[in-house]
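First the structure, in the form of structure tokens, and then the observations on it.
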Amino acid sequence: MTIETLKQCRKAAVDVRKAKKRLLEHKASAGSISGMRYGDAPRGRGEPLAPQEAYMEKLEQLQEELGKCERIWEPLEREIVKATKNLPVITRRLIVGYYAFAGSWEEVNERCGVSRKQSQYKVRKAFEKILEKA
């Protein structure tokens with residue numbers, strides 16, 4: 001594992017978080033769509049979509065986007081978890097929480113019950129063990 005892998009995983013995890021947030025916001029904006037019907041006829045000549053159909057198309061697009069983000073993130077996340085399995089629990093939680101699950105350092109430190117200085121020290125020492133030497 002390299003530092004580049006960690007950065008790629010963090011970026012992918014941030015993308016997954018953003019995609020989930022957009023999906024939840026879209027679902028929250030749905031209102032009542034119980035009367036939804038799909039028409040079998042394709043739309044043509046600029047005919048407007050029914051609000052329910054527009055909602056479902058946007059929902060499907062957001063779900064597809066989330067799926068793409070998750071497919072990129074999952075192998076990177078597994079690699080980080082595998083590389084950190086021999087580290088102490090707190091150190092593993094710090095690295096996995098920040099890089100694999102895109103938490104901020106404040107969130108991760110609070111969950112682990114350590115200060116920022118302690119987490120910096122632990123992560124630096126862990127990197128010496130797990131990162132490949134270039």
Side-chain angles (χ1 to χ4, degrees):
M1 183 174 68
T2 64
I3 194 75
E4 198 59 41
T5 306
L6 291 168
K7 289 178 182 178
Q8 288 172 355
C9 187
R10 175 147 174 88
K11 182 186 179 314
V14 167
D15 291 344
V16 167
R17 273 190 166 194
K18 287 179 182 178
K20 284 181 179 178
K21 182 179 177 185
R22 284 192 299 271
L23 185 63
L24 290 173
E25 287 173 353
H26 184 69
K27 284 182 178 180
S29 71
S32 175
I33 58 170
S34 61
M36 186 177 347
R37 302 262 189 278
Y38 272 109
D40 292 334
R43 297 284 177 188
R45 290 178 264 143
E47 296 173 15
L49 289 176
Q52 296 88 354
E53 288 182 87
Y55 169 82
M56 288 307 294
E57 285 184 8
K58 179 73 172 175
L59 181 66
E60 289 168 357
Q61 177 188 9
L62 290 170
Q63 288 172 334
E64 184 178 316
E65 182 183 323
L66 176 60
K68 285 179 185 178
C69 292
E70 286 178 337
R71 284 190 294 278
I72 293 169
W73 170 71
E74 286 170 349
L76 296 168
E77 184 259 343
R78 281 193 300 269
E79 183 178 347
I80 289 175
V81 169
K82 183 180 174 186
T84 59
K85 71 179 179 183
N86 294 327
L87 295 174
V89 176
I90 297 292
T91 307
R92 184 177 3 163
R93 284 183 178 176
L94 289 168
I95 293 172
V96 170
Y98 183 75
Y99 289 102
F101 293 105
S104 68
W105 279 119
E106 291 77 25
E107 292 172 346
V108 174
N109 292 337
E110 186 176 318
R111 285 188 186 148
C112 294
V114 296
S115 69
R116 180 65 185 124
K117 290 285 186 189
Q118 289 173 319
S119 68
Q120 286 175 330
Y121 176 77
K122 290 177 184 293
V123 169
R124 192 175 324 113
K125 289 297 182 185
F127 282 171
E128 291 173 4
K129 294 179 183 176
I130 64 173
L131 292 180
E132 297 172 359
K133 305 294 182 215

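As the structure is a computational prediction, the values presented were derived from the model and not from experiment.
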**Study point:** Which residues share a side-chain hydrogen bond (donor to acceptor under 3.5 Å, both in side chains) with R116, sequence neighbours left out
**Key:** S119
Point to revise | CD-CD distance between Q118 and Q120, expressed to the nearest 0.5 angstrom | key: 11.0 Å
Exercise for review: Quick one: closest heavy-atom pair of A12 and L76, and the distance?
Suggested key: CB-CD1, 4.4 Å
Output a table of donor-acceptor pairs, distance under 3.5 Å, between side-chain atoms of residues 83-102 and any protein atom two or more places apart or on a different chain; print 'none' if there are none.
unit_1	atom_1	unit_2	atom_2	d
T84	OG1	I80	O	2.9
T84	OG1	V81	O	3.2
R92	NH2	L87	O	3.4
Y98	OH	R10	NE	3.3

**Study point:** Non-neighbouring partners of I3 that pass side chain to side chain contact (heavy atoms under 4.5 Å, CB included), sequence neighbours left out
**Key:** L6, K7, F127, L131
Exercise for review: Can you sort out the partners of E74 under side chain to side chain contact (heavy atoms under 4.5 Å, CB included), two or more places apart, ordered by chain and number?
Suggested key: E70, R78
**Study point:** Any Y121 side-chain heavy atom under 4.5 Å of K125 side chain
**Key:** yes
Check your understanding: Would I72 and L62 show up in the same hydrophobic cluster when neighbours are defined by side-chain heavy atoms closer than 4.5 Å?
Key -> no
Study note, to complete from the structure: d(C69 SG, E64 CD) to nearest 0.5 Å is 11.0 Å
Review point. In chain order, what residues pass the side chain to side chain contact (heavy atoms under 4.5 Å, CB included) check against R71, with sequence neighbours excluded?
Key: K68
Practice item. Applying side chain to side chain contact (heavy atoms under 4.5 Å, CB included), name anything that partners K11, two or more places apart in sequence or on another chain. Key: D15
Point to revise | Heavy-atom pair of closest approach, residues M1 and T5 | key: CG-CB, 4.0 Å
Exercise for review: Report yes if the side chains of Q61 and K58 come closer than 4.5 Å at any heavy-atom pair, otherwise no.
Suggested key: yes
